[in-house]
Structures are given as structure tokens and as C-alpha cells.
Amino acid sequence: WIKQSAATGISAYKLDTFCEQILLTGSDHKVSVQLGEWLLRWYKNHLWLQKGSEILPCPAAKWPGGKTGIDLGKDIGQLVLEPGDTSNGGPGQSFDRPPGTGLSVGGRSNTQESAIKLGDHHKSLKNYFQAADIPPWLRDSIPLCTLGDEIVSIGDWCFNEGFATWMTENNMALKWQPEHPLLRFIAQQQKQVTR
């Protein structure tokens, strides 16, 4: 698998050390080994292979007025509000303004909020990411939309009730289009879980 990914091979000694660390720390801890320009990581019984440096965190930005999307740069990609399903007779209207005022995007590291309201309760981002098996080193790269002082979406798969209602009423859909392969994998995985 490592060779098929075009990564540098791993020596028997490094592999033994890596496996020993996993056995000593357990499945919930992150363990890693550098393989040339690649990094092999272990988290919650899964191996993660990443090329290059750390994935960039999602930058903080205000959603530009009158725009259908926002570019969040290398690795993170774009968030786009687009017409939803028009087969149900909805208008499929174009995006002219966010719900209310002050729609912003940022990562966990640059937002003051630490929980999302889901129904009648709040769930901390830490607990949400842990339950969703999203590795700690990828969590700051997941875009969070905030409206005023409230997180209204995690990526494009977890919405608070008010934002979900606004999207339904306006026949809109929020789409995250990440550039980094690991973030694309996370987004796809979460969409499958929430279906």
C-alpha cells in the first residue's frame, strides 16, 4: 500500500518500532513515522499516509456579499452555496445573501465558538470530531461556518437546525470542495455517515 502510493518504503526496524508504539499507546492515540517526504500515521485503528508538510488550517474569512462561493486556499478548497434539488418543484434560485448577516468561515483554531447546536442540545466540536473519527491533525482544516456568534455548519455535512431550515426554504445547498486528498476523503466519509 505504501509503495503503491509512491511513498518511500519503510525499513523493518521503523515498521517494528511503529507497531510497538501502536501496541503501547492503544488505538485512540496518534502514532506517526516519517518516510522521506511522507508521513505514516495511526489513529483509531486506521493508517493515514500523507505526503508533504502539515495540511493548512482553514483561514478565517467573511463570506463575500453577493458571491456564491468562497475560496479558502490551498488544501481547503472552496465552499459554495448553489441551487438545491429543483426536481421537487423548488425555484433553484440564485444566491443573493446569506441568512441574516455576518456569515463567516474559519477553522476550529480561529473561531471563538467551541460547540454546534444540534436540535435542543449543543455538541462540543471536540466531541463531534472524536465521535466522527476525524484525526486531530485534520480538525483545524475543516471549514466551520458561523453566523453571528453561532456555528451553523461543519464542512457541508453537519448543520444546525436554523441554517438547515434557511437552506431548505431558499432551495440552497452548501458544498465543500476540498483540494487535499485526505480532506476529500474526510468529506466523502462524513457525507456517507450522515445519509
Side-chain angles (χ1 to χ4, degrees), residues 1-60 72-79 105-119 121-146 150-160 176-195:
W1 171 63
I2 292 170
K3 287 180 181 177
Q4 286 175 344
S5 300
T8 305
I10 185 168
S11 68
Y13 172 75
K14 272 191 174 182
L15 184 59
D16 286 344
T17 304
F18 183 70
C19 291
E20 285 174 16
Q21 288 176 347
I22 291 169
L23 292 173
L24 290 173
T25 60
S27 67
D28 287 349
H29 292 82
K30 53 183 179 175
V31 177
S32 65
V33 64
Q34 192 75 41
L35 308 172
E37 61 182 18
W38 292 78
L39 189 60
L40 180 64
R41 287 178 151 154
W42 171 264
Y43 178 70
K44 286 197 172 185
N45 293 323
H46 288 87
L47 287 170
W48 297 79
L49 187 61
Q50 175 182 334
K51 184 177 182 179
S53 59
E54 293 294 318
I55 297 173
L56 297 173
C58 182
L72 300 169
K74 181 179 178 284
D75 294 339
I76 314 304
Q78 295 185 335
L79 273 176
V105 181
R108 184 183 64 158
S109 63
N110 54 31
T111 184
Q112 295 178 357
E113 306 309 313
S114 61
I116 184 169
K117 186 175 181 185
L118 299 173
H121 64 283
H122 285 79
K123 187 162 191 169
S124 77
L125 292 176
K126 180 179 179 179
N127 289 344
Y128 177 85
F129 286 138
Q130 285 176 338
D133 292 337
I134 296 174
W137 63 90
L138 295 177
R139 294 175 188 171
D140 287 341
S141 302
I142 310 266
L144 307 171
C145 288
T146 57
E150 187 174 22
I151 295 174
V152 295
S153 78
I154 299 174
D156 64 355
W157 63 83
C158 180
F159 306 106
N160 82 354
W176 179 31
Q177 300 163 344
E179 290 182 9
H180 196 283
L182 290 182
L183 295 178
R184 282 197 303 266
F185 173 78
I186 290 289
Q188 181 182 32
Q189 181 185 48
Q190 294 307 309
K191 287 175 198 167
Q192 290 173 352
V193 168
T194 57
R195 280 188 185 152

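Residue numbers start at 1 and run along the sequence shown. The shown structure was predicted, so the numbers you read here are calculated from the model rather than taken from an experiment.
For the pair W157 and I186, the minimum side-chain heavy-atom distance is below 4.5 Å. Side-chain contact between I154 and L125 is present, with at least one heavy-atom pair separated by less than 4.5 Å.
Between the CG atom in L35 and the NZ atom in K14 there is a gap of 6.0 Å [rounded to 0.5 Å]. Taken from SG in C145 to CG in L79, the straight-line distance is 5.0 Å, to the nearest 0.5 Å. Rounding to the nearest 0.5 Å places CD of Q50 at 5.5 Å from CG of L182. Of the inter-residue distances, the one linking Q177 atom CD with R184 atom CZ reads 11.0 Å to the nearest 0.5 angstrom. How far CD of E179 is from CD1 of I55: 12.0 Å, rounded to the nearest 0.5 Å. To the nearest 0.5 Å, atom CG of residue L15 and atom CD of residue E20 are 10.0 Å apart.
Looking only at distances, a side-chain donor or acceptor of N110 sits under 3.5 Å from a matching main-chain atom of G107. A donor-acceptor pair under 3.5 Å links the side-chain atoms of K44 to the main chain of Q130, judged by distance alone. Under the 3.5 Å distance criterion, the side-chain polar atoms of E150 are left unmatched by any main-chain donor or acceptor of K117. Judged purely by atom type and a 3.5 angstrom limit, R41 has no side-chain atom pairing as donor or acceptor with the backbone of L47. A donor-acceptor pair is defined here as one N or O able to donate and one able to accept, closer than 3.5 Å; no such pair exists between the side chain of K126 and the backbone of S114. Although no hydrogens or angles enter the test, the distance criterion places a donor-acceptor pair under 3.5 Å between the side chain of Q34 and the main chain of G36.
The two atoms that bring L39 and V33 nearest to each other are CD1-O, 3.5 Å, heavy atoms only. Nearest approach of A131 to K123, heavy atoms of both residues: CB-NZ, 4.2 Å. Between F159 and S153 the shortest heavy-atom distance is CD2-CB, 3.4 Å. A pairwise comparison of heavy atoms in W176 and I76 identifies NE1-O, 2.8 Å as the closest pair. Taking every heavy atom of both residues into account, L49 and I2 meet most closely at CD2-CA, 4.3 Å. Listed here is the closest heavy atom pair of V105 and C58: CG1-SG, 4.1 Å.
Residue H121 qualifies as enclosed at atom NE2: its count of foreign heavy atoms under 6.0 Å is above 12.
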List the atom pairs, donor and acceptor, that lie under 3.5 Å between side-chain atoms in residues 135-144 and the rest of the protein, sequence neighbours left out.
{"from": "R139", "atom 1": "NE", "to": "I134", "atom 2": "O", "distance (Å)": "2.8"}
{"from": "R139", "atom 1": "NH2", "to": "Y43", "atom 2": "OH", "distance (Å)": "2.9"}
{"from": "R139", "atom 1": "NH2", "to": "I134", "atom 2": "O", "distance (Å)": "2.9"}
{"from": "D140", "atom 1": "OD1", "to": "R108", "atom 2": "NE", "distance (Å)": "3.0"}
{"from": "D140", "atom 1": "OD1", "to": "R108", "atom 2": "NH2", "distance (Å)": "3.3"}
{"from": "S141", "atom 1": "OG", "to": "L56", "atom 2": "O", "distance (Å)": "2.7"}

- [ ] For D156 and K191, run side chain to side chain contact (heavy atoms under 4.5 Å, CB included): C-alpha distance rounded to whole Å, both residues' side-chain angles, the deciding distance at 0.1 Å, then the answer.
- [x] CA-CA 8 Å; D156 64 355; K191 287 175 198 167; 2.9 Å; yes
- [ ] Assess whether side chain to side chain contact (heavy atoms under 4.5 Å, CB included) is satisfied between W1 and L40, documenting all intermediate values.
- [x] CA-CA 11 Å; W1 171 63; L40 180 64; 3.7 Å; yes
